[in-house]
Amino acid sequence: MTEHLLKILVVGDGNVGKSSFVHRYVNGHFNQTYKMTVGVEFSVKMLQWSDKEKVRLQLWDIAGQERFISMTRIYYKGAMGCVVMFDVTSSSSFRSCRHWKQDLDNKAMLPNGESIPCILLANKCDLPQRVVSADSIDRFSEANGFIAWMEISVKDNKNIGEAMRRLVENILSVQ
Ligand code: GDP
C-alpha cells in the first residue's frame, strides 16, 4: 500500500465558503453557523484511491485575511495543489481570483519547477442571484492556467467530492 500525502491550499476572499467547503468535505455536513476560524489550520481527509494507494489530504484553509501576510511562507510551503474559490453572487470575489492565482504562482511551485495545479470553484450555485456567468468563468479559467473549473454548492453538497477528485487526479498524474 502506497500512501500519498498531499497538502492542498484553499484560498479565496472571505465569505465565499472556504471553511464550509472544507468542513463539508471532511466531516460530511453543512453547518450554517460554522464559525470563521482565525489564522491557518488544516483538516485531514483520507481517501482510498485505488487497491494499492491511499491519499492523505491536508486541506489548508486560510481564514482571518488580515493575518495572512505573516502566515504566507508556512502556508505555501510544500503545497501540491490549490483550490481557488469565489462566490457566484459576488463579482468582486471573482475578480480577486486573479490575485489569488498570481500570488500562488509567485510564491510557490512544485519541486519540479512547474506551477501548482489549481482548480477554480464557483460556489453558492444554489443561489438565484448569480452575477458571474459561466462564459466569463470559462474564459478566465483558460486564460489563467487553471486545470479546470466547476460549479459547486457546499450548501446542497453539489460537486464537492467531484471537484476534489479532479484535483487529486491531476496532482497524482504529474507525480
Ligand atoms: P469563508 O470565509 O470563505 O471561509 O466562508 P464561510 O465558509 O464562512 O461561508 C460564508 C457564508 O456563506 C456562511 O454564511 C455560509 O453558510 C455560506 N455558504 C457557504 N457555502 C454556501 C453555499 O454553497 N450556498 C449558500 N447559499 N451559502 C453558502
Side-chain angles (χ1 to χ4, degrees), residues 6-45 57-77 79-108 116-138 140-141 144 146-168:
L6 301 181
K7 175 177 174 179
I8 312 255
L9 311 177
V10 183
V11 303
D13 282 2
N15 212 42
V16 300
K18 300 180 301 297
S19 307
S20 306
F21 173 78
V22 171
H23 192 70
R24 162 74 89 184
Y25 183 60
V26 171
N27 303 317
H29 51 87
F30 181 69
N31 186 345
Q32 200 80 45
T33 58
Y34 189 62
K35 259 189 72 192
M36 187 154 160
T37 41
V38 177
V40 178
E41 57 180 36
F42 66 83
S43 309
V44 175
K45 168 115 172 163
L57 287 178
Q58 271 186 2
L59 295 165
W60 290 58
D61 173 22
I62 38 157
Q65 311 295 319
E66 70 285 355
R67 299 196 178 198
F68 179 61
I69 305 294
S70 55
M71 300 264 192
T72 301
R73 266 166 54 85
I74 190 155
Y75 181 69
Y76 283 119
K77 195 166 190 289
M80 301 298 286
C82 181
V83 170
V84 176
M85 189 178 294
F86 68 97
D87 168 352
V88 290
T89 70
S90 156
S91 52
S92 68
S93 75
F94 177 55
R95 281 195 301 275
S96 292
C97 290
R98 173 170 285 117
H99 158 79
W100 288 110
K101 177 72 164 70
Q102 282 172 356
D103 198 51
L104 174 76
D105 289 341
N106 288 338
K107 291 178 182 153
I116 291 179
C118 211
I119 192 165
L120 179 64
L121 299 185
N123 190 31
K124 308 196 188 181
C125 69
D126 57 283
L127 294 175
Q129 61 272 30
R130 167 183 190 129
V131 296
V132 186
S133 73
D135 242 22
S136 54
I137 305 170
D138 219 29
F140 174 78
S141 169
N144 288 274
F146 287 90
I147 60 161
W149 74 272
M150 272 174 131
E151 273 191 6
I152 67 165
S153 166
V154 179
K155 182 162 182 248
D156 291 352
N157 201 13
K158 187 185 164 201
N159 277 343
I160 308 300
E162 289 80 352
M164 290 306 296
R165 233 180 344 264
R166 185 79 185 264
L167 180 60
V168 170

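Each ligand, and each atom within it, is numbered from 1 in the order the structure gives. Here the structure is a predicted model, which is why all the values come from computation and not from measurement.
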request  = Check whether any heavy atom of Asp13 sits under 4.0 Å from an atom of ligand 1.
outcome  = yes
ask   = Where the closest heavy atom to atom 17 (C) of ligand 1 is concerned, which of Arg24, Lys124, Lys18 has it?
value =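 Considering heavy atoms of Arg24, Lys124, Lys18, the nearest to atom 17 (C) of ligand 1 sits in Lys124.
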key: Option whose closest heavy atom lies nearest to atom 19 (C) of ligand 1, chosen from Cys125, Ser20, Gly12, Ala122   = Ser20
message = Any carboxylate oxygen within less than 4.0 angstrom of a Lys/Arg side-chain nitrogen, looking at Lys124 and Asp87?
response = yes
query = So with a 6.0 Å cut-off around CZ of Arg166, is the heavy-atom count from everything else above 12?
reply = no
Is there a donor-acceptor contact under 3.5 Å from the side chain of [X] to the main chain of [Y]?
X	Y	result
Lys107	Tyr76	no
Lys7	Tyr75	yes
Ser93	Ser90	yes
Asn123	Val154	yes

task = May I ask you to check whether Val154 has an N/O atom sitting below 3.5 Å from an N/O atom of ligand 1?
result =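 Among all N and O atoms of Val154, at least one is under 3.5 Å from an N or O of ligand 1.
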ask   = Based purely on interatomic distance, does Gly17 place a nitrogen or oxygen under 3.5 Å from a nitrogen or oxygen of ligand 1?
value = yes
For ligand 1, which atoms sit closer than 4.0 Å to a heavy atom of [X]?
X	value
Leu127	26 (N)
Asp126	22 (C), 23 (O), 24 (N), 25 (C), 26 (N)
Gly14	2 (O)

